[in-house]
Novice: 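One structure is given below, represented as structure tokens, and several questions about it will come after.
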Amino acid sequence: MELPMTRITLNVNGAETQVDAPDDMPLLWALRDLMGLTGSKYGCGIGQCGACTVHLNGAPVRSCLIPVSQLSGQAITTIEGLTEDGALHPLQQAWIEKDVAQCGYCQSGQIMSAAALLQRNAEPTDADIDAAMAGNYCRCGTYIRIREAIHAAAMSFDAAATKGVQS
Ligand code: FES
Ligand code: FES
């Protein structure tokens, strides 16, 4: 039996895209299977691991939990949308410099949660980072390097802002 499909207009990474999907399809599957955006990962499917984290109107959400039919007209950002004009986001750069990833599976979710943190708190403490990242699990135990990379990215944001003021 074929499931009834609804045409839904999604705003993903600044571009509007139409998808035909069952109303209850989780956003994660629309991103991965219908739009080819495979950076967001399926870990648990029940909102517990954070591997599927994307931004909805700037806030981190679990894309495995949200039906795509609820998202018309809302701004969705995925890991693919963090890169601007080919330039890596400071967090992505810091992730490389600190050699954070091990298997890598959890890391796009980690970076999306970190990006949301830095948007609301430009100079997070260790405690701030631990609180913001508590819902993102890493089976490889990269938590210490994740914390270092978030501090490094925060410093690079700070340096860029200082340079902007001086120039
Ligand atoms: Fe969404 Fe685990 S796959 S929270
Ligand atoms: Fe392997 Fe996080 S790097 S699960």
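Atoms within each ligand, like the ligands themselves, are counted from 1 in listed order. Computation of the quantities below employed the complete heavy-atom set of this structure, encompassing side-chain atoms and omitting hydrogens, waters and symmetry-equivalent molecules.
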Novice: Donor-acceptor pair, Gln92 side chain versus His89 backbone, under 3.5 Å?
Specialist: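 At least one qualifying donor-acceptor pair exists.
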Novice: Has the side chain of Thr83 got a donor or acceptor atom that lies under 3.5 Å from a matching backbone atom of Gly86?
Specialist: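 Not at all, since once roles are kept as given, no pair shorter than 3.5 Å links the two residues.
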Novice: Atom 1 (Fe) of ligand 1 as vertex, arms to SG of Cys64 and SG of Cys52: angle to 10°?
Specialist: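 An angle of 100° at the metal.
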Novice: Pair Arg147, Asp130 - check salt bridge (charged side-chain N to carboxylate O under 4.0 Å, His left out), show working.
Specialist: CA-CA 8 Å; Arg147 196 196 273 169; Asp130 291 349; 2.9 Å; yes
Novice: When you draw lines from atom 2 (Fe) of ligand 2 to SG of Cys106 and to SG of Cys138, what angle lies between them, to the nearest 10°?
Specialist: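 It comes to 100°.
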Novice: Atoms of ligand 1 less than 4.0 Å from Arg62 heavy atoms?
Specialist: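 Close to Arg62: 4 (S).
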Novice: How about Cys140: does one of its N, O or S atoms come closer than 2.8 Å to atom 2 (Fe) of ligand 2?
Specialist: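 Here the distance criterion (N, O or S atom, under 2.8 Å) is not met by Cys140, so no.
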Novice: Please work out, at 4.0 Å between heavy atoms, whether the side chain, the backbone, both, or neither of Gln110 comes within that distance of ligand 2.
Specialist: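 Answer for Gln110: neither.
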Novice: Which of the atoms in ligand 2, numbered in the order shown and given with their element, are less than 4.0 Å from a heavy-atom of Gln107?
Specialist: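 Counting atoms of ligand 2 from 1, those under 4.0 Å from Gln107 are 2 (Fe), 3 (S).
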Novice: Should you measure from each heavy atom of Gly47, which atoms of ligand 1 turn up under 4.0 Å away?
Specialist: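 Counting from 1, the qualifying ligand atoms are 4 (S).
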Novice: Which atom pair, heavy atoms only, marks the closest approach of Ser40 to Cys52?
Specialist: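 Closest pair (atom of Ser40, atom of Cys52, distance): CB-O, 4.3 Å.
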Novice: Relative to the heavy atoms of Cys44, which atoms of ligand 1 are at a distance of less than 4.0 Å?
Specialist: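 It comes down to these atoms of ligand 1: 2 (Fe), 3 (S), 4 (S).
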Novice: What residue and atom, counting heavy atoms only, is the protein's closest point to atom 4 (S) of ligand 2, and at what distance?
Specialist: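 Scanning the protein heavy atoms, the shortest distance from atom 4 (S) of ligand 2 goes to Arg139 N, 3.3 Å.
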Novice: Has the side chain of Asn136 got a donor or acceptor atom that lies under 3.5 Å from a matching backbone atom of Gly109?
Specialist: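 Yes.
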Novice: As an exercise, identify every atom of ligand 1 less than 4.0 angstrom from a heavy atom of Cys49.
Specialist: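 The list of qualifying atoms is 2 (Fe), 3 (S), 4 (S).
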Novice: May I ask you to decide if Ala51's main-chain N or O and Tyr42's side chain share a donor-acceptor pair within less than 3.5 Å?
Specialist: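 Not a single qualifying donor-acceptor pair exists.
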Novice: For Val54, which of Thr77, Leu28, Leu27 qualifies under side chain to side chain contact (heavy atoms under 4.5 Å, CB included)?
Specialist: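 The single option meeting the side chain to side chain contact (heavy atoms under 4.5 Å, CB included) with Val54 is Leu27.
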Novice: Do the side-chain N and O atoms of Thr142 and Gln110 include a donor-acceptor pair separated by under 3.5 angstrom?
Specialist: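 Their side chains do not contain a donor-acceptor pair, so the 3.5 Å distance test is not met.
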Novice: Taking a cutoff of less than 4.0 Å between a non-hydrogen atom of the residue and any ligand atom, is Ala101 in contact with ligand 2?
Specialist: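 The answer is no, since Ala101 has no heavy atom less than 4.0 Å from ligand 2.
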Novice: Please determine whether Cys103 has a backbone or side-chain N, O or S atom lying under 2.8 Å from atom 2 (Fe) of ligand 2.
Specialist: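 Of the N, O and S atoms in Cys103, none lies under 2.8 Å from atom 2 (Fe) of ligand 2, which means no.
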Novice: Taking only heavy atoms of Gln48, which atoms of ligand 1 are found under 4.0 Å from at least one of them?
Specialist: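 Checking each atom against Gln48, I get 4 (S).
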Novice: Can you establish whether the number of heavy atoms outside Arg120 located under 6.0 Å from its atom CZ is more than 12?
Specialist: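 More than 12 heavy atoms, drawn from other residues, nucleotides or ligands, come within 6.0 Å of this atom.
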